[in-house]
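Keep in mind that what you see is a predicted model, and the values were worked out from it rather than measured.
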Amino acid sequence: MTKPLAKPKSLKAQITRTSLVLAAAALLRERGPEAVTYRKVAEWAGAASSSVGYYFDSVTDLLYEAGCYNIELWIARAEKVAAIADGYDQEECRKRVVSLLMEACLPDDTVSMPAHYAQLIAASDAPVVTEAYRKGREALDAAVNRILVRAHVGLTPSVVVALVDGGAVKAISEGYEVSDIVRDLLETAIRDTDRN
């Protein structure tokens with residue numbers, strides 16, 4: 001595992017370093033790990049190429065922090081949805097569970113769905129990104145589990161994520177609307193679980 005450098009001391013240095021991580025995270029999300037280069041990150045951050053090398057020992061260090069930032073975004077979104085679910089009684093949460101799960105697991109409208117799934121698959125080319133994503137999975141699954149428990153649905157977070165991600169890839173690759181395919185898969189799985 002790579003070890004991130006100590007945080008810069010001055011406010012300006014902190015802002016510069018953060019802008020580099022944000023640029024790298026955006027590049028990672030939109031174009032995959034191979035797009036994260038010193039030159040491209042500096043360009044996207046509006047900084048000098050030399051600044052990337054100053055704050056990060058290697059592209060590997062930068063990729064790890066970008067991966068950590070991205071998974072934290074996804075965790076925050078899922079936790080926000082779980083907090084909404086916590087505010088419902090069980091019956092109301094059950095009525096809304098499919099929409100809640102979709103909102104917790106799918107990228108929001110600001111993200112290109114094909115780009116999101118392409119970068120997840122491309123992450124396998126960068127072990128530090130997969131490491132960051134794997135470490136964040138526990139917190140992401142915990143948020144999804146809060147929704148499932150509140151709605152009293154007998155699926156595991158892993159099954160939900162597999163259905164959502166598998167449905168999204170199917171929809172993207174076959175030209176369907178992602179939300180239609182994912183909704184149908186989740187509704188079917190919940191109905192089948194209820195029967196057992």
Which atom names give the shortest non-hydrogen contact between [X] and [Y], and what distance separates them?
X	Y	answer
Ala123	Thr130	O-CG2, 3.1 Å
Ala82	Ala143	CB-O, 3.5 Å
Ala189	Leu155	CB-CD1, 4.1 Å
Leu140	Ala78	CD1-CB, 3.5 Å
Ala24	Val36	O-CG2, 3.7 Å
Ala151	Val97	CB-CG2, 3.6 Å

Do any N or O atoms from the side chain of [X] and from the backbone of [Y] form a donor-acceptor pair under 3.5 angstrom?
X	Y	value
Asn70	Ala25	yes
Arg77	Leu106	yes
Ser51	Ala47	no

Partner residues of Tyr88 under the side chain to side chain contact (heavy atoms under 4.5 Å, CB included) criterion, sequence neighbours left out:
Ile84, Glu92, Cys93, Arg96, Leu100

Under the salt bridge (charged side-chain N to carboxylate O under 4.0 Å, His left out) definition, can you give me all pairs with a residue in residues 101-124, not counting sequence neighbours?
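Of all non-adjacent pairs touching residues 101-124, none passes salt bridge (charged side-chain N to carboxylate O under 4.0 Å, His left out).
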
Restricting to pairs with a member in residues 31-43, which pass salt bridge (charged side-chain N to carboxylate O under 4.0 Å, His left out), not counting sequence neighbours?
Arg39-Glu43, Lys40-Glu43

If we only count heavy atoms from C-beta on, is the [X] to [Y] side-chain gap below 4.5 Å?
X	Y	answer
Glu177	Val182	no
Thr193	Val153	no
Glu30	Ser112	no
Arg17	Tyr54	no

First locate atom [atom1] of [X], then atom [atom2] of [Y], and finally report the distance between them rounded to the nearest 0.5 Å.
X	Y	atom1	atom2	answer
Gln119	Asp125	CD	CG	11.5 Å
Met102	Ser179	CE	OG	5.0 Å
Tyr55	Ser50	OH	OG	9.5 Å
Glu79	Trp74	CD	CH2	14.5 Å
Leu101	Glu187	CG	CD	11.0 Å
Thr16	Lys12	OG1	NZ	6.5 Å

Of the options Ile15, Val21, Leu22, which is the one that meets Thr18 in a side chain to side chain contact (heavy atoms under 4.5 Å, CB included)?
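Exactly one pass, corresponding to Leu22.
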
Suppose the criterion is side chain to side chain donor-acceptor pair (under 3.5 Å): which pairs have a residue in residues 143-161, not counting sequence neighbours?
Asp86-Arg146

I would like to know whether Asp180 and Arg183 meet salt bridge (Lys or Arg N to Asp or Glu O under 4.0 Å); could you show each step before the answer?
CA-CA 5 Å; Asp180 293 342; Arg183 181 175 298 283; over 6 Å; no

Compile the donor-acceptor pairs under 3.5 Å between side chains in residues 159-173 and protein atoms, sequence neighbours left out, one pair per line.
{"unit_1": "Asp165", "atom_1": "OD1", "unit_2": "Tyr117", "atom_2": "OH", "d": "2.8"}
{"unit_1": "Lys170", "atom_1": "NZ", "unit_2": "Glu174", "atom_2": "OE1", "d": "2.9"}
{"unit_1": "Ser173", "atom_1": "OG", "unit_2": "Val169", "atom_2": "O", "d": "2.9"}
{"unit_1": "Ser173", "atom_1": "OG", "unit_2": "Lys170", "atom_2": "O", "d": "3.1"}

Salt-bridge contact Asp194-Arg191 (side-chain N to carboxylate O under 4.0 Å):
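No, Asp194 and Arg191 are not salt-bridged.
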
Derivation and outcome, side chain to side chain contact (heavy atoms under 4.5 Å, CB included), residues Val59 and Tyr38
CA-CA 7 Å; Val59 170; Tyr38 279 10; 3.6 Å; yes

The criterion is side chain to side chain donor-acceptor pair (under 3.5 Å); which residues satisfy it with Glu138, sequence neighbours excluded?
none

